[in-house]
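Worksheet: one structure, shown below.
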Amino acid sequence: MSTQIPKTIKAIQVDKVGGPEVNVLREIPTPVPKENEVLIKVQWTGVNYIDNYFRSGLYPVQHPYTVGQDAVGTLVQAPTNYPIKTGSRVFTTAGSAFAEYLVAPRDRVAALPDEIDAKDGVSMATQGLTALYLLKESYAVKKGDWVLNRAAAGGVGLILTQIAKHLGVNVIGTVGSQSKVDIVKQSGADHVLLSSDTSESNVKKILELTGGQGVHAVYDGVGKDTWEEDFEVVRRKGTIVTYGNASGAVPPFPPAKLSPKALKVTRPTLFAIVKTQEEWDEYTSELIEISKKAKIHYAVHKEYGFSAEDVIQAQKDIQGRGTTGKLLIKVSDE
Ligand code: NDP
């Protein structure tokens, strides 16, 4: 395949810590892959909640940095003997994805089968892989378990419920507003609770639903606001998986907090769980299989254009708690 690689590309960058308005669109030199890297021409990318943590300074970054996590596009340059042919459609979690071209480590790229839509591939990257590892490793679910899925209408949340149901798990989802209840039910959740209801009534309902015992695991990407409640709704010997900070980071706590119920708490990240080539291959192929077998629906909240205004709006939208599923950004037609 002969793709003319331009000398410069358009990219969304951030030069300082701040709100969504610090995103700017600018022309930068086309990144050049090193020995163990590949070059991808980006077609679709998408917003992840983590973009806010990098931009706001919660997770420090070096400025200027190119925004974005995951992308679907065409592999245009790769080392000799690379297992994926140039010209193939691929998905990646490489970062610097709000750009016309991105460089990815050779072990962060997977071929996207023809039968999977390019837009689905964007949701599969960060959010799909996260949902899968949470259920496989952070607390490895068993058929018949009860789990609590916080922010169940979000990008990770909607996928997590579908995979959990495929594995025979009972799912209770929480959402911030009534308008999200139906979409979470459609994703297969057995029960949906409103996080705006009182904590007492939600704890009571969860205990009732689980025969007074509580859930085997809580998957919590909300963080600070729901942290204390997690301890009330998880059963003895259960697991709290705290994997995000949408409402702020959870506070430090003494290990003795775990002792009354002999609990486990884990704080995973995708980058620490899916790190080696073997882990990447295992997780991406399993996610592709499950997506086909369980007919996972990768919901899209909205498609945005590739401009600073669009990115600013999209980041405001995801922070505003009104979104469900993936916020996609179209970078090019192919
Ligand atoms: P979502 O689409 O789930 O958006 C975040 C959701 O969090 C909102 O829609 C909202 O849902 C909920 N929320 C609760 N409280 C607040 C608040 N105070 N401000 C804003 N939102 C709030 O985002 P993603 O799917 O991209 O990510 C979900 C979580 O998973 C994030 O915390 C993210 O950082 C984390 N994550 C972690 C990974 C890891 O490996 N550790 C990898 C990928 C994501 P509602 O209003 O319904 O409560």
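Just so you know, ligand 1 is whichever comes first in the structure, and atom 1 is the first atom listed for that ligand.
Looking only at heavy atoms of the protein, atom 35 (C) of ligand 1 is closest to Tyr243 O, 3.6 Å. With respect to atom 44 (C) of ligand 1, the closest heavy atom belonging to the protein is Val156 CG2, 3.9 Å. Atom 2 (O) of ligand 1 has Gly155 N, 2.9 Å as its closest protein atom, hydrogens excluded (heavy atom only). In terms of protein heavy atoms, atom 12 (C) of ligand 1 is closest to Ala151 CB, 3.9 Å. From the protein, the heavy atom lying nearest to atom 32 (O) of ligand 1 is Gly221 O, 2.7 Å. From the protein, the heavy atom lying nearest to atom 17 (C) of ligand 1 is Ala246 O, 3.4 Å. Closest to atom 11 (O) of ligand 1, if we only count protein heavy atoms, is Lys180 NZ, 3.3 Å. Annotation: atom 48 (O) of ligand 1 to nearest protein heavy atom, Arg321 NH2, 3.0 Å.
Of all atoms in ligand 1, listed by their number and element, those nearer than 4.0 Å to a heavy atom of Arg267 are 41 (N). Ligand 1 places these atoms under 4.0 Å from at least one heavy atom of Val222: 14 (C), 15 (N). For ligand 1, the atoms closer than 4.0 angstrom to any heavy atom of Asn48 are 26 (O). In summary, the atoms of ligand 1 found under 4.0 Å from a heavy atom of Asn245, numbered by their order in the structure, are 32 (O). Counting atoms of ligand 1 from 1 in the listed order, those under 4.0 Å from a heavy atom of Gly176 are 45 (P), 46 (O), 47 (O), 48 (O). Heavy-atom contacts of Gly154 reach the following atoms of ligand 1: 1 (P), 2 (O), 3 (O) (cutoff under 4.0 Å). Every atom of ligand 1 is numbered from 1 in the order shown, and the set under 4.0 Å from a heavy atom of Gln127 is 24 (P), 25 (O), 26 (O). Below 4.0 Å from some heavy atom of Thr269 lie the following atoms of ligand 1, by number and element: 39 (C), 40 (O), 41 (N).
For the pair Ser88 (side chain) and Ile84 (backbone), a donor-acceptor distance under 3.5 Å is absent. A donor-acceptor contact shorter than 3.5 Å links the side chain of Asn202 to the backbone of Leu194.
Residues Glu37 and Arg108 are not paired through a salt bridge, judged by the lack of any N-O separation under 4.0 Å between the basic side chain and the carboxylate. A salt bridge does not link Glu232 to Lys261: none of the charged nitrogens lies less than 4.0 Å from a carboxylate oxygen. Ion pairing between Lys41 and Glu334 fails under the 4.0 Å rule for side-chain N and carboxylate O. A salt bridge is absent between Asp107 and Lys275; no separation between the charged side-chain nitrogens and carboxylate oxygens falls under 4.0 Å. Salt bridge Asp197/Lys204: absent, no basic N to carboxylate O contact under 4.0 Å. By the 4.0 Å N-to-carboxylate-O rule, Asp120 lies too far from Lys326 to be salt-bridged with it.
Remark: ligand 1 and Leu270 share an N or O pair separated by less than 3.5 Å (distance only, no angle test). When only interatomic distances are considered, the shortest N/O to N/O separation between Tyr133 and ligand 1 falls below 3.5 Å. Here's the thing with Gly157: none of its N/O atoms is less than 3.5 angstrom from an N/O atom of ligand 1.
Taking each of Thr324, Leu194, Thr130, Leu134 in turn, the one with a heavy atom nearest to atom 42 (C) of ligand 1 proves to be Thr130. Looking at Phe271, Tyr53, Tyr59, Tyr49 and measuring to atom 27 (O) of ligand 1, the nearest heavy atom belongs to Tyr49.
Only the backbone of Pro268 comes within 4.0 Å of ligand 1, judged by heavy-atom distances.
Between atom CG of residue Leu209 and atom NE2 of residue His191 there is a gap of 4.5 Å, rounded to the nearest 0.5 Å.
Tyr59 and Asn245 are linked by a side-chain donor-acceptor pair at a separation below 3.5 angstrom, with hydrogens and angles left out of the test. A donor atom on one side chain and an acceptor atom on the other are not found under 3.5 Å apart for Tyr139 and Lys136. Checking Thr242 against Asp220 by side-chain atom types alone, no donor-acceptor pair falls below 3.5 Å.
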Intermediate values then yes/no, side-chain hydrogen bond (donor to acceptor under 3.5 Å, both in side chains), Tyr283 and Glu137: CA-CA 11 Å; Tyr283 267 101; Glu137 278 197 56; 2.7 Å; yes
